[in-house]
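Heads up, the thing below is written out as structure tokens.
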Amino acid sequence: MAAAVAGLESSVVAKSVEELSASAGSPPEKYILKDGIGGTNFPLMDVAVIDVALLTSSSPEGEREVEKLGLALSDCGYIQAVNHGIEESFLDEVHAMIKQFFSLPKEEKMKCARQKDDLDGYGNDSVYSDKQILDWNDRLYLMVKPEYQRKLKVWPQNPANFREVLVDLTSKLEKIDEVMLKAMARYLKLEDEECFAKQYGENPTALSRFNYYPPCRRPDAVLAAKAHADGSAMTYLLQDRIVEGLQTLKDGQWYKVPIVPNAIVVNVGDQMEIMSNGIFKSPTHRVVTNPEKERMTLGIFFGPDATTEIGVVEELVDEKRPRLYKSVVDYPRNTFPFIQLGKKPIDLVRL
Ligand code: OGA
Ligand code: NI
């Protein structure tokens with residue numbers, strides 16, 4: 001996830017990746033990784049499948065599910081959420097809406113174009129340096145919450161149900177996030193199960209990112225999304241239902257994150273790693289390209305109020321586990337350019 005930083009962006013990329021993909025020949029130089037993506041066959045990550053409904057239960061089964069959740073988030077940082085209460089028919093509607101938007105003619109999509117130094121809107125990588133390797137990805141960023149930060153002028157009018165569906169999805173995921181935060185506090189045996197939710201503050205943020213990854217002739221040397229960790233507290237991803245691409249790094253090895261039908265992929269973001277004093281891991285992940293097929297995903301990033309300082313939960317600091325991170329304010333906005341430049345933002349706030 002990301003936020004642009006005022007005044008730092010050097011230019012806006014003119015051509016969409018969709019156009020590059022449609023034109024003959026190899027991708028332009030600035031998309032090519034000199035050393036390639038490091039392999040062709042990647043093992044599958046065994047991502048824990050978590051029954052969200054069980055997380056609120058105090059039965060032994062509920063306890064076990066909370067334990068399984070906590071272990072997975074402290075290990076690879078990813079889970080697949082099932083039995084989450086979002087109807088399959090609603091997910092169908094969301095997937096159809098994503099496809100409808102990206103299938104519009106360019107002129108229509110450009111009505112939502114992102115302006116230089118802005119975050120919200122349709123476009124591609126913010127460019128901060130000539131040396132930056134670009135991602136094979138067109139995207140639409142829209143801040144959904146707090147409501148007063150919605151930049152409705154770049155919200156699609158087409159498809160007609162876009163706005164309603166996005167707002168509806170965000171509130172459904174927000175409810176799941178509340179359950180997750182409580183279960184995570186329970187796993188850590190924290191006195192206050194609301195302690196993470198409280199750090200979200202009065203006006204928590206929800207940022208949406210619609211991703212379109214066109215086919216690419218150089219899957220060996222071009223990434224659809226460069227390696228990064230999310231600046232959120234928690235990320236909820238609706239993966240493409242057919243085409244894989246997401247990979248996560250563990251002990252120096254890239255693993256594929258599998259597609260589980262109708263599951264929501266959930267991962268820890270840097271701000272949760274900070275709040276949990278490093279117990280929950282914000283995974284480094286990336287997206288690889290596909291030589292034939294397009295791929296579409298939607299990520300919703302939840303995090304604290306951009307004006308509130310957040311930090312390590314005091315109960316998680318002791319002699320054996322000293323405080324690992326400084327407190328931060330508006331973390332995604334303050335750290336984003338570092339991702340594009342290939343640095344790891346969380347290292348900047350490590351003590
Ligand atoms: C992101 C991201 C993964 C995907 O948008 O931050 O990691 O599979 N997306 O699209
Ligand atoms: Ni990400």
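Counting convention: from 1, in listed order, for ligands and their atoms alike. Basis for what follows: all heavy atoms, side chains included, without hydrogens, waters or symmetry-related copies. Numbering of residues begins at 1 and proceeds along the displayed sequence.
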Donor on one side chain, acceptor on other, D305 and T307, under 3.5 Å: yes

Numbered atoms of ligand 1 (with element) below 4.0 Å of D230, judged on heavy atoms: 6 (O)

Those atoms of ligand 1 less than 4.0 Å from some heavy atom in V287: 3 (C), 4 (C), 8 (O)

For T297, atoms of ligand 1 separated by under 4.0 Å from a heavy atom: 4 (C), 8 (O), 10 (O)

Residues T297 and D240: side-chain donor-acceptor under 3.5 angstrom: no

Distance filter under 4.0 Å to F301 heavy atoms, resulting ligand 1 atoms: 1 (C), 5 (O), 6 (O)

Flag if over 12 foreign heavy atoms under 6.0 Å of NZ, K320: no

Polar contact flag for Q239 and ligand 1 (N/O pairs, less than 3.5 Å): no

R286 atom CZ: more than 12 heavy-atom contacts under 6.0 Å: yes

Side chain, backbone, both or neither: the part of L237 lying under 4.0 Å from ligand 1 by heavy atom: side chain

Derivation of the salt bridge (Lys or Arg N to Asp or Glu O under 4.0 Å) call for D92 and R241: CA-CA 10 Å; D92 293 346; R241 283 168 152 172; 2.9 Å; yes

W136 vs Y31, ring pair (Phe, Tyr, Trp, His ring centres under 6.0 Å): CA-CA, chis, key distance, verdict: CA-CA 7 Å; W136 196 253; Y31 289 85; 5.4 Å; yes

Close side-chain approach of R217 and P291, heavy atoms under 4.5 Å: no

Heavy-atom neighbours of K106 NZ exceed 12 at 6.0 Å: yes

Of all N/O/S atoms in H285, the name of the one nearest the Ni ion (ligand 2): NE2

Sub-4.0 Å heavy-atom contact, H228 with ligand 1: yes

Atoms of ligand 1, numbered as shown, that sit under 4.0 Å from any heavy atom of H285: 7 (O)

Apex the Ni ion (ligand 2) - arms OD1 from D230 and NE2 from H228 - angle rounded to 10°: 100°

Heavy atom of R295, distance to ligand 1 below 4.0 Å: yes

